[in-house]
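Report on the structure given below.
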Amino acid sequence: MQNNKKNEPLQDSEMIKVSRELFTDGLPLPAEVFTKLASGQYILLGKKADKCNLSSLHLAQDKTVEFFVRKTEYSQLISYNLNLIKKTVKNNNLGANVKMSLLKGITESAISDLTERGVYVGSYEKCKQIATFVQETTAQIKDMDKFIDIFNSLPGDMVGHSLATSVVSMLICDQMNITMKSTIEKVILGSLLHDIGLKEIPDEILAKPRYQWTEAELQHYESHTLRGVELLRDIKEIPSDVLSIVMEHHENALGMGYPRRIRDIKIHPLARIVAVADCFVDLVYDSQKSAAVRKPEEAIAHIEFAMGQPFNKPAFLALKQVIHLTALQKKMNISS
Ligand SMILES: [Fe+2]
C-alpha cells in the first residue's frame with residue numbers, strides 16, 4: 001500500500017512517533033495518522049480533517065501499536081492539542097482528566113522525538129513517569145489558561161524545543177542526584193518557559209541565521225531573557241526560582257553570557273542546569289541557532305571542544321554521563 005501524496009512509500013526519516021493520547025475521538029484529525037507494520041511499511045489510519053475514531057479501529061485496539069505522523073505536521077499537531085487544552089480549561093464541564101491526558105500526550109511525543117534523535121531517555125516506564133511528572137507540574141498552575149496561551153504563542157517549533165529542554169534538564173537532575181520534587185518541578189517549569197520572551201522578537205529576526213544578524217538585531221534577540229521575566233511576572237504560581245531560570249538561561253560559567261555576564265558562582269543553581277540542557281537541545285535539533293543537526297555525542301564534543309565548555313562543570317558532566325549511558329544502551333541493544 002502506498003500512503004503519501006507522491007505515491008511513494010513513506011520513509012522513517014519523514015516520520016515521527018507520537019503519543020496516542022494526542023488524538024481525541026470525535027474531533028477532526030489535525031494530521032494524517034499512520035502506524036508502522038513489522039515490515040517497516042507505514043499504513044494510513046486516519047486522514048487529516050476526518051473525524052477521529054482511532055480507538056474503534058481494530059488495529060489500534062492493540063495498545064502496543066504505535067502511531068506516527070509526518071515530521072512536517074508535528075508542530076501543527078502539538079499546537080492543535082495546546083489549543084484543545086485551552087478549550088478544556090475554559091470548559092468547566094470537561095474533566096481535568098482530559099486536559100491532563102492531552103498534556104501527557106504532548107510530553108510523551110517530545111520524549112519520543114528525543115529518543116528518535118538518539119538520546120536514551122529511559123525505559124518505557126521511566127518515560128511514562130517523566131511525562132506524568134511534567135503533566136502534574138503544569139497542571140498545578142491555576143492560571144492554566146494564561147500559561148497555555150503564552151506557551152502556545154511561542155514561535156515555530158519552540159514548544160517541542162521547550163519540552164525537550166525540560167526532559168534533558170530532568171535527566172541532568174537525575175544524574176546529579178537532585179531528587180527533591182519541588183526542585184525538579186521548578187526545573188521543569190523553568191525549562192518549559194525559558195524562551196517565552198522569544199514571542200516578542202520579530203519573526204524576521206528569528207528566521208535569519210545568527211551570523212546575518214546586525215548588532216541591533218542581536219541585542220533585540222538577547223532581550224528575550226528579560227522580556228520572558230516580564231511576561232511571567234503576572235502569573236502568581238510561577239516561583240521566583242523559575243523567573244531566575246528564565247532570566248539566566250543564557251549566562252555561562254565563564255561570565256560571557258547574557259544579559260548580565262555573571263559568572264558561575266552568581267548564576268542560579270537551576271539556571272546552570274537549564275543553560276546546558278538548552279544548548280544541547282539546540283545542537284541536536286534543527287534550529288536557527290545551530291548550523292547543523294548533531295548526534296548527541298557530537299553535541300557533547302561540540303560543547304566541550306568547539307565552545308570550550310562554558311557551562312557549570314557538574315551540570316555539564318552530568319549531561320555527558322547521560323549521553324555516555326545512551327551510547328552504552330545502544331551498544332547493549334536495549335530498546336527504549
Ligand atoms: Fe533562550
Side-chain angles (χ1 to χ4, degrees), residues 75 78 110 114 147 150-170 172 186-233 235 238 240-264 266-291 293-294 299 302-303 307 310-312 315-316 319:
S75 53
I78 299 298
L114 265 173
F147 174 78
I150 292 179
F151 198 47
N152 199 22
S153 59
L154 278 170
D157 193 28
M158 288 309 295
V159 173
H161 167 93
S162 301
L163 282 161
T165 306
S166 73
V167 174
V168 173
S169 296
M170 280 174 83
I172 295 174
K186 286 172 188 165
V187 170
I188 291 174
L189 277 183
S191 307
L192 289 176
L193 298 167
H194 71 281
D195 266 342
I196 215 78
L198 285 180
K199 83 190 215 64
E200 296 201 341
I201 307 300
D203 286 346
E204 51 271 28
I205 297 182
L206 295 176
K208 259 199 227 177
R210 180 167 274 203
Y211 65 85
Q212 285 181 7
W213 286 346
T214 62
E215 186 60 30
E217 285 173 333
L218 177 67
Q219 275 181 17
H220 205 107
Y221 175 82
E222 291 186 349
S223 70
H224 77 271
T225 50
L226 288 156
R227 288 169 194 263
V229 173
E230 289 302 317
L231 281 167
L232 296 170
R233 274 206 175 122
I235 304 182
I238 305 283
S240 62
D241 293 324
V242 172
L243 296 181
S244 296
I245 294 175
V246 176
M247 176 73 138
E248 296 173 8
H249 73 275
H250 282 291
E251 301 288 0
N252 69 46
L254 307 178
M256 292 166 71
Y258 59 85
R260 292 190 293 147
R261 292 181 169 266
I262 47 176
R263 281 182 176 269
D264 198 41
K266 296 231 167 140
I267 301 173
H268 190 287
L270 304 184
R272 296 173 191 156
I273 293 170
V274 177
V276 68
D278 177 38
C279 174
F280 173 79
V281 169
D282 264 340
L283 292 169
V284 293
Y285 277 68
D286 189 8
S287 121
Q288 141 284 342
K289 283 182 263 172
S290 61
V293 180
R294 293 171 176 84
H302 183 85
I303 294 174
M307 294 174 69
F311 298 103
N312 171 260
F316 172 72
L319 174 64

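When a ligand or atom number is given, it counts from 1 through the structure's own listing order. Computation of the quantities below employed the complete heavy-atom set of this structure, encompassing side-chain atoms and omitting hydrogens, waters and symmetry-equivalent molecules.
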Checklist entry - salt bridge (Lys or Arg N to Asp or Glu O under 4.0 Å) with Glu222: which residues, sequence neighbours excluded? => result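 With sequence neighbours excluded, Glu222 shows a salt bridge (Lys or Arg N to Asp or Glu O under 4.0 Å) to no residue whatsoever.
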
Checklist entry - Can you find a side-chain donor-acceptor pair between His250 and His224 that sits under 3.5 Å? => result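 Yes, His224 and His250 have a side-chain donor paired with an acceptor closer than 3.5 Å.
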
Item to check | Degrees at the Fe ion (ligand 1) between the NE2 atom of His224 and the NE2 atom of His250, nearest 10° | outcome: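 The two atoms subtend 90° at the Fe ion (ligand 1).
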
Checklist outcome for this item: With sequence neighbours left out, the residues meeting side-chain hydrogen bond (donor to acceptor under 3.5 Å, both in side chains) with Arg261 are none

Next on the checklist: What I want to find out is whether Glu248 reaches Arg260 closely enough, with some N-O distance under 4.0 Å, to be called a salt bridge.
Outcome noted: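 Yes.
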
Next on the checklist: As a test of reading the structure, name the N/O/S atom of Asp195 that is nearest the Fe ion (ligand 1).
Outcome noted: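 Looking only at N, O and S atoms of Asp195, the one nearest the Fe ion (ligand 1) is named OD1.
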
Next on the checklist: From the N, O or S atoms in His249, identify the one nearest to the Fe ion (ligand 1).
Outcome noted: NE2

